[in-house]
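These notes are about the structure you will find just below.
Heads up: numbering here begins at 1 and tracks the sequence.
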Amino acid sequence: MFLICMLIGIGMLSLVRDRSFSVILYLVAGIIGITVYTEFFSIFAGIGMWAHVALVAAALVSGYRNRRTAGQLWQTYRPVLFSWEGFFYCCFVLLIAFFTSRGEFHTDTNIYHAAAIRIYEEYGLVKGIGNLQLHYAYNSSYLGLASIFSLNWLFGSSLHTTTGFLEVVMGLYAFHGLREFGRHDSHVTDMMRIGILLYMLVNVTRSMSPATDYATMFFALFIVTAWCENFFEKGSDFTVYCLLTVAAVFAATLKFSSCLLALIGLYPACRLIREKRWKESIVYFLCGCVVLCPFLIRNYLISGWLLYPFDGIDIFQVPWKIPMEYLVHDADQIKVWGRCLYDVDKVDMPVGQWLPVWWEHQFRYEKMFLGGVLLGMALQFLMTGMRLYRKQKLRLQLVVLHLAIWGNIFVWFLMAPFIRYGLAFLISVVMISVGDYLSERKQGLCSIVAGSLVFCILVSVSPYWDQYVTDAGVFIKQCLSEPYYIVQKDYDRGNMDSCEINGNTIYFSVGDEINSYHVFPGTCYKPMLERSTLMGDRIEDGFRAK
């Protein structure tokens with residue numbers, strides 16, 4: 001995965017700019033490129049041997065054409081690999097491999113992630129498959145990445161290592177940047193790097209789950225960190241800002257609730273227009289369109305909606321369209337579950353009424369963490385006030401970054417405030433505010449107040465990280481004896497029954513919420529199956545509501 005993503009990333013960025021970039025940008029570009037390729041391929045065919053062969057061939061061609069760039073990267077990082085630092089990185093990789101080999105699957109992986117990956121592999125996509133189970137219509141592009149590296153056609157069982165791979169990539173990026181902590185004038189980026197490691201700790205015991213939440217939050221944290229790194233440490237490379245904007249568009253295809261992260265694009269867009277750099281504007285605009293187009297096309301084919309479950313754009317009238325009442329009910333259910341109300345009839349309850357209910361359902365360590373976020377917000381206001389008092393200019397690069405972070409927090413809170421849905425943005429508030437304080441001169445009453453806030457923030461967030469450190473330790477102790485050191489633990493096998501529609505076998509879960517990867521197509525919920533039917537005599541003809 002590392003080699004293929006690197007070679008594809010080098011090839012992609014060479015088409016945009018004839019210059020060198022950092023390893024992390026090549027890797028992220030490769031992940032984005034492979035995911036978009038898989039989405040396009042899935043529109044026409046299943047993701048099996050030929051999809052992977054074509055991908056490997058493209059990687060080899062890219063490696064040959066860009067062998068000088070690849071050679072320079074090897075010469076730069078080879079001394080690091082063969083050093084004590086490299087030994088530490090290898091140990092880290094092995095540790096993540098251990099966590100990725102065993103454990104428990106995320107609940108949603110059993111409900112639909114694994115089954116959706118199997119549909120990618122067998123069919124690419126099936127028209128109206130969202131009618132069979134509404135979760136399929138969520139259409140996260142991350143499941144495309146998971147399917148291209150599943151390799152079921154080669155091994156006879158599905159690999160599910162993409163989350164572990166992201167943890168390795170983001171973890172190495174964070175560790176490598178933290179080496180120079182003492183030499184940095186600003187520690188905002190350093191604290192964001194620590195935020196990446198802390199988020200990794202939260203998910204590490206479920207590293208083998210191809211969960212869409214994890215990928216979205218990792219990409220969000222990376223984009224915020226890389227934006228800060230470019231501003232504070234790399235001299236504000238304008239090309240990097242543009243590329244990160246494209247990455248933000250990609251993050252929206254991982255989970256559309258993160259779409260406001262694309263607000264960071266206001267800075268490069270304004271500058272390109274002001275400087276009349278029309279050619280570059282067109283290039284980056286087209287890059288964003290290429291990233292977004294397969295996601296929207298798949299939405300249309302899977303659900304009959306441009307953005308599911310959003311009813312604000314209702315422009316298609318096709319036989320496989322998910323009925324409006326199903327969509328509205330699904331969207332309302334997401335909201336009430338996020339608010340801990342668990343009753344769709346309460347979806348219109350005012351914030352003042354559902355907020356106390358939601359708060360009471362949070363664990364103590366989560367409440368303290370949320371308190372730390374509020375303190376971080378107060379610290380940000382204080383630090384901004386200090387700068388304005390000293391007549392320091394606010395930089396547009398940071399203004400749009402904070403706008404994107406808080407825009408996503410606002411949407412998260414009003415729509416579905418499960419902490420895991422917005423954790424990356426909550427972490428960013430805490431880490432940027434603390435990093436900001438560490439970077440400023442410590443003098444005057446305001447600095448004393450800011451220091452007190454930092455102390456309170458550290459106290460507030462400590463139980464949150466302690467909870468997951470304990471979980472990781474218990475996980476290691478309990479799972480050491482499990483026999484998954486060579487072959488990864490397979491997807492869970494649910495209790496499935498079946499029925500026939502037009503001569504085709506359709507499976508449904510019995511007695512548990514496991515939509516098994518091992519039989520297809522299937523659904524967790526028999527009532528959804530009973531209200532759906534095939535549009536023809538084959539699965540490939542698609543499903544529609546009765």
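- Aromatic rings from Trp465 and Tyr199 are positioned such that their centres are separated by 6.0 Å or more.
- Contact check on Glu229 versus Arg193 returns a salt bridge, with a Lys/Arg side-chain nitrogen under 4.0 Å from an Asp/Glu carboxylate oxygen.
- Remark: Arg102 qualifies as a cation-pi partner of Tyr485 under the 6.0 Å distance and 45° angle criteria applied to the six-membered ring.
- Using a distance-only test at 3.5 Å, with no hydrogens or angles considered, a donor-acceptor pair links the side chain of Asn152 to the main chain of Ser157.
- A ring-centre distance under 6.0 Å is found for His160 and Phe105.
- Taking the side-chain contact (heavy atoms from CB on, under 4.5 Å) definition, one finds that Leu201 meets it with Tyr468, Val469, Ala472, sequence neighbours left out.
- Remark: the backbone N or O of Phe425 is not paired with any side-chain donor or acceptor of Trp412 at under 3.5 angstrom.
- Side-chain atoms of Thr163 come within 3.5 Å of backbone atoms of Ser209 as a donor-acceptor pair (strictly under, hydrogens ignored).
- Glu366 places a side-chain N or O within donor-acceptor distance of the main-chain N or O of Phe363, the cut-off being under 3.5 Å.
- Between Tyr173 and Phe222, the distance separating the two ring centers is shorter than 6.0 angstrom.
- Aromatic rings from Tyr525 and His135 are positioned such that their centres are separated by under 6.0 Å.
- If you check the side chains of Glu513 and Asn110, you find no donor sitting under 3.5 Å from an acceptor.
- For Ser509 (side chain) and Asp512 (main-chain N/O), a donor-acceptor pair under 3.5 Å exists by modelled atom type.
- Remark: Lys255 is positioned above the aromatic ring of Tyr421, its terminal NZ or CZ atom under 6.0 angstrom from the ring centre and at most 45 degrees off the axis.
- Looking only at distances, a side-chain donor or acceptor of Trp305 sits under 3.5 Å from a matching main-chain atom of Ile322.
- Judged purely by distance below 3.5 Å, without hydrogens or angles, the side chains of Asp330 and Tyr308 pair a donor atom with an acceptor atom.
- Looking only at distances, no side-chain donor or acceptor of Gln467 sits under 3.5 Å from a matching main-chain atom of Val202.
- A cation-pi contact links Arg531 to Tyr326, judged by a cut-off of 6.0 Å to the six-membered ring centre and 45° from its axis.
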Please list, one pair per line, the donor and acceptor atoms closer than 3.5 Å that link side chains of residues 332-339 to other protein atoms, with sequence neighbours excluded.
residue : atom : partner : partner atom : Å
Arg339  : NH1  : Val347  : O            : 3.1
Arg339  : NH2  : Leu414  : O            : 2.5

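- A donor-acceptor contact under 3.5 angstrom links the side chains of Arg298 and Ser42, judged on distance only.
- Under 3.5 Å, the side chains of Ser140 and Thr212 contain no donor-acceptor pair of N or O atoms.
- Paired with Ile24 under the rule side-chain contact (heavy atoms from CB on, under 4.5 Å), one option of Thr225, Leu172, Val169 passes, and it is Val169.
- Side chain to side chain, Tyr517 and Glu121 meet the donor-acceptor criterion of an N or O pair below 3.5 Å.
- The closest donor-acceptor contact from the side chain of Ser428 to the backbone of Ala424 lies under 3.5 Å.
- Taking the six-membered ring for Trp, Phe475 and Phe99 have ring centres closer than 6.0 Å.
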| task | Tell me, with the steps shown, if Tyr484 and Asp490 meet side chain to side chain donor-acceptor pair (under 3.5 Å). | result | CA-CA 10 Å; Tyr484 300 114; Asp490 204 353; over 6 Å; no
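- Counting only distance, with no hydrogens or angles, the side chain of Asn504 and the backbone of Asn502 share a donor-acceptor pair below 3.5 Å.
- Under 3.5 Å, the side chains of Tyr142 and Thr253 contain no donor-acceptor pair of N or O atoms.
- There is no side-chain donor-acceptor pair under 3.5 Å between Gln488 and Thr100.
- Between the side chains of Tyr138 and Asp108, not a single donor N or O lies within less than 3.5 Å of an accepting N or O.
- Looking at Ile297 and Phe295, their side chains never come closer than 4.5 Å, going by heavy atoms from C-beta outward.
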